[in-house]
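Everything on this sheet refers to the single structure shown next.
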Amino acid sequence: MRKLLSLLMLLLFAATAFAAEQLNTSSYIRYGETYLGKPWATLPVTEFARFRKEGNRVGYETIVFERRRQLAALVMAEITERKGRFMPDIINGLEAMMEEPWWGIPAHYGHPVPLYSDQPVDLFNAESASLIAWTGKELKAELDRFSPELYKKIEREIDHRILTKALGSKDWWKTAGMNWNPWICSNWLTCVMLCEKDPAKRQQAVTEIESCMRAFIDAYPADGGCDEGTGYWDRAAASLFECLDLMKQVRDDSLATVTVLDYQRDKVARMGAYIYNMYIANGYSVNFADAHENKSVAQLNVLWPFALYLGDDAMKGFAAWLAKDKDFWTNPAALYAHSGNFPTLGRELALLKHVDALAVETPREPQTEAWLPDLQIATMRGKDLFLAVKGGTNGESHNHNDVGSFIVYAAGEPLLIDCGVGEYTSKTFSKERYTIWTMQSDYHNLPQINGESQRDGKQYHAKVLKNSRHSITLDIAKAYPQAAAVDSWKRTVTLKGTVVEVTEDFRLGEYREPSRLMLMTTTKPDVSEPGEVRLGTSTITYSPTQLSVTVEDKSALLDPLLNGLWGNHLYRIVMEIRSKSTAGKVVYKVRK
């Protein structure tokens, strides 16, 4: 017990002793000052209930995340300044949070209103617990000067809501190969290390978390790819790293012999590398699946420590580039403020523990090309062009029906896009998921075959026929239902210098109605000249004898979240195949 506490004190001291000379830590203070004296928002139970009644989850989440954002800002300011100026607001914020019946969100709860007696462990009650645990440990002396009872209350609430509930439970996420497993475990382990006083329970919890991590690593594809998309990397592979890093702190303690640290190390390294392998340019990343962001999806406060843990030079250079590009040294609080749904205090402390090493790292913007054979994702680079192509299945986690889709960026800016995902609602993770337009193949860069769109499920998949550095051929026929009457649809996408060439080589069992090729873009298309679709300074060329082209304005579909990604305009280019033949080959080219 004493050895563990000594390790924790060393960890906490190192975390708060950040002092890279070029880092302007006063920005944390200024960020905290934006909340100084600001009242704590109430959490109306009627907002919680809206999810069950109306399917709206944004209203409650906006308020609850802002509460945590406020606390995280104030705490970081106080840690930086250490004058007690922010403590009254922090104390009131802690009390406000501990009065919440449940720390999670309505989309993850089984009742229309939160009940203190029912404490299921979800992503956000675990993350809230971690924020409160770090607050308590970092500011324990200040809290005790106000009242020793407050820190005791923190420990009681974390025990009631997380430690007791997670220990020994049979929750599904403990064996899952997706973000819930490491996201919860990283915060659970934080609470164990900072708040669990019973040696036997602490031992059991670490053993269980180790088992969870093994299950997560085993379920991950060998290529290290995240089928949930880059938007979830920071809470999938990166949260796995947090668990491993925290376990590293107790490796030599009598608490446990933690063998998971060396488990499938090469795969863990590939899981880390995924984030820079999916990088495009200008801060953009490949955004297949449920992506709520299209820029800077790698969070610096976990990217840099993860890079150090792996010893990955490309990842280190990416972190240094991100720090430079996002003005971290002048205004670190700006990145901290956007390091999740609310700022991740524990991650920021881990980053600042290693900030001196970051200061001397050479920034290197990733320029990699990648082939992930398990996810069937290829990325290619030409002269001012970036291409990413996706095969895979329609049974992936956070799946969109997008087998065979591709995206093109020109001069580092979006040209043909994956729209990503809009605001989550009650439909998003229900049987109605594929009634949402962003999930449908008709709103990806894909064919509609004989009037039929792709279907969801692992049985709907692609087959890789050929793959080389700058070309890939997929047969995507199996991604469509029998009603499509398609025997084969071989899509070849090739990048040659300043040209992306797409060949659609198809064979149908019968002709039922025209097949259509859909392309999504935020640039208003000009189709006034036959054989050309002008997209700003780029052009799609095609044969007018093969294809007839129309443009549909889909801007009205964009919700506030998607407006934030793409702006106010969205267009669908529809290229209809003129021939009624059951076999044919169509070629079109995207030129920079």
Side-chain angles (χ1 to χ4, degrees), residues 177 219-229 270 274 277-278 286 288-289 369-380 387-408 416 418 434 439-495 500-512 515-519 577 581-588:
Y220 232 71
D223 60 23
C226 181
D227 67 355
E228 300 171 282
R270 290 189 291 273
Y274 166 84
N277 281 328
M278 293 297 104
V286 175
F288 297 135
E369 295 176 313
W371 166 239
L372 303 181
D374 297 294
L375 294 191
Q376 298 179 354
I377 292 178
T379 66
M380 310 171 199
L387 170 69
V389 185
K390 181 186 181 300
T393 82
N394 282 335
E396 297 169 342
S397 182
H398 291 266
N399 178 70
H400 292 203
N401 287 343
D402 61 356
V403 167
S405 190
F406 65 92
I407 60 173
V408 178
L416 300 178
D418 184 305
Y434 296 97
M439 311 296 175
Q440 299 168 3
S441 61
D442 287 354
Y443 293 91
H444 291 78
N445 300 320
L446 284 166
Q448 183 190 76
I449 304 174
N450 266 330
E452 294 292 330
S453 308
Q454 292 187 9
R455 298 292 189 270
D456 62 289
K458 287 187 178 181
Q459 67 272 34
Y460 298 101
H461 61 87
K463 181 179 181 181
V464 180
L465 301 179
K466 294 180 182 178
N467 181 45
S468 62
R469 181 181 174 188
H470 286 136
S471 183
I472 186 170
T473 300
L474 303 169
D475 188 345
I476 60 174
K478 296 295 185 182
Y480 292 81
Q482 286 186 349
V486 55
D487 295 331
S488 68
W489 194 289
K490 299 174 184 177
R491 165 170 274 194
T492 300
V493 189
T494 302
L495 176 56
V500 173
E501 181 178 291
V502 185
T503 301
E504 314 281 9
D505 186 351
F506 60 88
R507 186 173 298 277
L508 306 177
E510 62 177 293
Y511 174 88
R512 294 181 176 177
S515 293
R516 301 171 180 88
L517 307 171
M518 313 294 189
L519 298 173
I577 298 175
S581 173
T582 57
K585 183 181 290 187
V586 173
V587 179
Y588 51 101

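Hydrogens, waters and symmetry mates play no part in the numbers below; they use all other heavy atoms, side chains included.
Checked by atom type, the side-chain pair Tyr434/Asn399 shows a donor-acceptor distance below 3.5 Å.
Considering only heavy atoms from C-beta on, Asp227 stays 4.5 Å or farther from Pro221 through its side chain. Side-chain contact check for Ser405 versus His400: every heavy-atom pair is 4.5 Å or farther apart. No side-chain heavy atom of Asp487 sits less than 4.5 Å from a side-chain heavy atom of Thr582. In this structure the side chain of Ile476 reaches within 4.5 angstrom of the side chain of Pro447, judged on heavy atoms. Side-chain contact between Ser441 and Met439 is absent, with no heavy-atom pair separated by less than 4.5 Å. Residues Gln376 and Trp371 have side chains in contact (heavy-atom distance under 4.5 Å, counting atoms from C-beta outward). Proximity of Phe406 to Val502: side-chain heavy atoms (C-beta onward) are separated by under 4.5 Å at one or more points. Taking the side chain as every heavy atom from C-beta outward, Phe288 and Ile377 approach each other to under 4.5 Å.
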**Message:** Go through it in stages, so that I can follow the logic: the residues are Leu416 and Ile407, the test is side chain to side chain contact (heavy atoms under 4.5 Å, CB included), and I'd like the CA-CA distance, side-chain angles, deciding distance and then a yes or no.
**Reply:** CA-CA 5 Å; Leu416 300 178; Ile407 60 173; 5.7 Å; no
**Asked** What's the verdict on side chain to side chain contact (heavy atoms under 4.5 Å, CB included) for Asn401 and Leu446, showing C-alpha distance, side-chain angles and the deciding distance?
**Response** CA-CA 10 Å; Asn401 287 343; Leu446 284 166; over 6 Å; no
**Request:** Please test Thr379 against Met278 for side chain to side chain contact (heavy atoms under 4.5 Å, CB included), starting from the C-alpha separation and ending with a verdict.
**Result:** CA-CA 7 Å; Thr379 66; Met278 293 297 104; 3.7 Å; yes
**Asked** Step by step, would you call Thr503 with Lys585 a side chain to side chain contact (heavy atoms under 4.5 Å, CB included)?
**Response** CA-CA 7 Å; Thr503 301; Lys585 183 181 290 187; 3.6 Å; yes
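Here the closest heavy-atom approach between residue Gly392 and residue Glu396 is recorded as CA-OE2, 3.9 Å. Taking each heavy atom of Asn450 and Ala484 in turn, the nearest pair found is ND2-O, 2.8 Å. Counting all heavy atoms, side chain and backbone alike, Leu474 lies closest to Val464 at CD2-CG2, 3.6 Å. The two residues Leu375 and Asp223 have their closest heavy-atom pair at N-OD2, 3.0 Å. Shortest non-hydrogen contact noted between Ala483 and Arg512 is O-NH1, 2.5 Å. Across Leu517 and Glu504, no two heavy atoms sit closer than the pair CD2-OE2, 3.8 Å.
Checked against Asp402 for a side chain to side chain donor-acceptor pair (under 3.5 Å), the options Lys390, Gln454, Gln440, His444 give a single hit: Lys390.
Applying the side-chain hydrogen bond (donor to acceptor under 3.5 Å, both in side chains) test to Gln448 and every residue at least two apart in sequence or in another chain returns Asp442, Arg516. Taking the side-chain hydrogen bond (donor to acceptor under 3.5 Å, both in side chains) definition, one finds that Asn445 meets it with nothing, sequence neighbours left out. Listed by chain and number, the residues in a side-chain hydrogen bond (donor to acceptor under 3.5 Å, both in side chains) with Ser471 are Thr494 (sequence neighbours excluded).
Heavy atoms from other residues, nucleotides or ligands lying under 6.0 Å from CD of Glu510 number more than 12.
Here the straight-line distance linking atom CZ of Arg455 with atom OH of Tyr460 works out to 6.5 Å at 0.5 Å rounding. Here the CG atom belonging to Asp475 is positioned 12.0 Å from the CZ atom belonging to Arg491, to the nearest 0.5 angstrom. Here the NZ-CG distance, from Lys458 to Asn394, works out to 12.0 Å after rounding to the nearest 0.5 Å.
Note: Phe506 and Trp489 have parallel aromatic rings, judged against thresholds of 30 and 60 degrees for the angle between ring planes.
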